[in-house]
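First up is the structure itself, then whatever we jot down about it.
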Amino acid sequence: MTSSFSNLSLAEPLARAVAEMGYETMTPIQEQAIPVVLQGRDVMGAAQTGTGKTAAFALPLLQRMMKHENASTSPARHPVRALVLLPTRELAVQVAEQVKFYAKYTNLNSAVVFGGMDMKPQTAELKKGVEVLVATPGRLLDHIEAKNAVLNQVEYVVLDEADRMLDIGFLPDLQRILSYLPKQRITLLFSATFSPEIKRLASSFLQDPVTIEVARSNATASTVEQHFYSVGADDKRRALHQILKARGIKQAFVFVNSKLGCARLARSLEREGLKTTALHGDKSQDERLKALDAFKKGEVDLLVCTDVAARGLDIKDVPAVFNFDVPFNAEDYVHRIGRTGRAGASGLAVSFAASSDQRLVTDIEKLIKTKIEIEPMEFEEDQPRKEQGRINDGRRMYRETGEQAPREADAAPRERREPRERREYAPRPAARDPFFDKPYESTLAPEAQPAWEEAAKSTSSRSSVSANIKPKKKVAALFKTAA
DNA sequence: AAAAAAC
């Protein structure tokens, strides 16, 4: 029997917010996780994308915090009692909004801190006193080091998208953050994907955890129709146009593997008449938030993005996801296509696989335990390919039709060009630098060292390679090219 | 083969 939120006997202020949200029946992950979190147990929770994981931890957490209000401190001060960590800034914003909504009738304050934006307003917010802090790792460390955030009274830590937070790129920051927290605390990990290694690593962060798996982890939502088409790189745009048209798709995520590819594709599609915006990590944070907002409001139809948008983003009724490139990690496939088919809605996921992507497709097949047929892409006849080539006067022409492209001035207005972006796309070859001749020294703060060493011991050899070794590899590469 | 996360 599925149970409703009303049987939960949530505190009245929370029940009111839940009702306002329109929630009635709990999703399976909510049904299973909420009672366990209310008991104060550590949790490792896996559930498919789009099934309400945020509410599954936020509601019971707020409920407990209301019950044990100011248990450990004087009422005059508001120390951070719950910390929620996320792997991208946009996700931090989204989760913070949700937490704020659930807590709106309680006395609990919440705030969000993330990089790419001015420190000052965040600092001011923190000084007011915040019980629930939502954050991305780097900026949180900044605030900790600036003594804007004191975390020694944290009772709850949530790692959302936990497998990402524990991966090699985030682990050092995460370790440092955890080293500032009391050892006695409740830790909650949530994700749609958990590899066996990550599960093992995760258990070293948890005390006697309850594992909740409402579906096999790594499972895709059954409401998403998935297709793989065999398409060469040059035909992908044509294929995209055709499928959008044939299936009458109004809005879609279009995932690309690199930031440069993302910026280029967005520009091409815009020029080809599609309402498009790009979201990737080389844009300013302001532009990132604006791009996402425009897509949410339906002002643009296509969000061309990197994996910055692969996880967690909850946008209602997006009917389709395109993998313009097959993702390098099979897990990212699960997360990417999880942007559609949310909350029981139906969705379409279309991936373009070049022949060189065969291995990646096999990886995905293994992960989701589903046979993938790569279908041939059949193009409608007499649709001339409009490939553009440079001609002498610098103007462009369409190769196959011979038709000349409009002058820049006549063309549709482009997005404002960013000089910064261009610089980063054309890095100069690295010069030999005396720095690299010195042995690498850890830049970790001394107080973080023990935690770091502990992590190195407890993780697999692959994970322990992280921050210390990488620079050495670079050194080796430099010597090779120099020799 | 890349992206993300701090200045």
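Chain naming here is simple, since letters A, B, ... match the order of the sequence lines and numbering starts at 1 in each. Note that the coordinates shown come from a computational prediction; the quantities given were computed from them, not determined experimentally.
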Subject >> Length of the line joining Tyr333(A):OH and dA2(B):C1', which is rounded to integer Å >> reply: 19 Å
Original post:
Hey, does Leu360(A) reach any base, or is it just sugar-phosphate, or nothing, if we go heavy atoms under 4.0 Å?
Top reply: base
Original post:
Does Arg164(A) put a side-chain nitrogen or oxygen below 4.0 Å from OP1 or OP2 of dA4(B)?
Top reply: no
**OP:** Round to a whole Å and report the spacing from CZ of Phe170(A) to P of dA3(B).
**Re:** 14 Å
Original post:
Distance check: side-chain N/O of Thr306(A) vs OP1/OP2 of dA4(B), anything under 4.0 Å?
Top reply: yes
**OP:** Between dA6(B), dA5(B), dA2(B), spot the one nearest the side chain of Ser258(A), thanks.
**Re:** dA2(B)
Subject >> Within 45° cone and under 6.0 Å: Lys236(A) NZ/CZ vs Phe324(A) ring >> reply: yes
**OP:** Please state whether the base of dA2(B) and the side chain of Asn329(A) form at least one donor-acceptor pair under 3.5 Å?
**Re:** yes
**OP:** Remember a base hit wins even if backbone is also touched, and classify Arg288(A) as base, sugar-phosphate or nothing at under 4.0 Å, heavy atoms.
**Re:** sugar-phosphate
Subject >> Atom-to-atom span, NZ of Lys283(A) to P of dA5(B) - whole angstrom >> reply: 14 Å
**OP:** Measure the distance from CG on Leu265(A) to C1' on dA2(B) and round it to the nearest whole Å.
**Re:** 16 Å
Original post:
Can you tell me how far P of dA4(B) sits from CD of Glu161(A), to the nearest Å?
Top reply: 15 Å
Original post:
Does a side-chain N-to-carboxylate-O contact under 4.0 Å join Asp314(A) and Arg342(A)?
Top reply: yes
Original post:
Looking at dA5(B), dA3(B), dA6(B), which one has an atom nearest to any side-chain atom of Glu145(A)?
Top reply: dA6(B)
Original post:
Does Thr136(A) put a side-chain nitrogen or oxygen below 4.0 Å from OP1 or OP2 of dA6(B)?
Top reply: yes
Original post:
Rounded to the Å, how far apart are Leu174(A) CG and dA4(B) P?
Top reply: 19 Å
Subject >> Stepwise side-chain hydrogen bond (donor to acceptor under 3.5 Å, both in side chains) check, Ser284(A) with Glu287(A) >> reply: CA-CA 5 Å; Ser284(A) 73; Glu287(A) 287 173 307; 3.1 Å; yes
Subject >> Ring-face cation contact, Tyr156(A) with Arg81(A), 6.0 Å cut, 45° max >> reply: no
Subject >> Per Asp142(A) side chain, nearest of listed nucleotides dA1(B), dA6(B), dA3(B) >> reply: dA6(B)
Subject >> Atom-pair distance (CG on Leu171(A); C1' on dA4(B)), nearest Å >> reply: 14 Å
**OP:** Find the distance between OG (Ser195(A)) and CZ (Arg200(A)) and round it off to the nearest 0.5 Å.
**Re:** 8.5 Å
**OP:** Send over the distance from Arg336(A) CZ to dA2(B) P, rounded to a whole Å.
**Re:** 14 Å
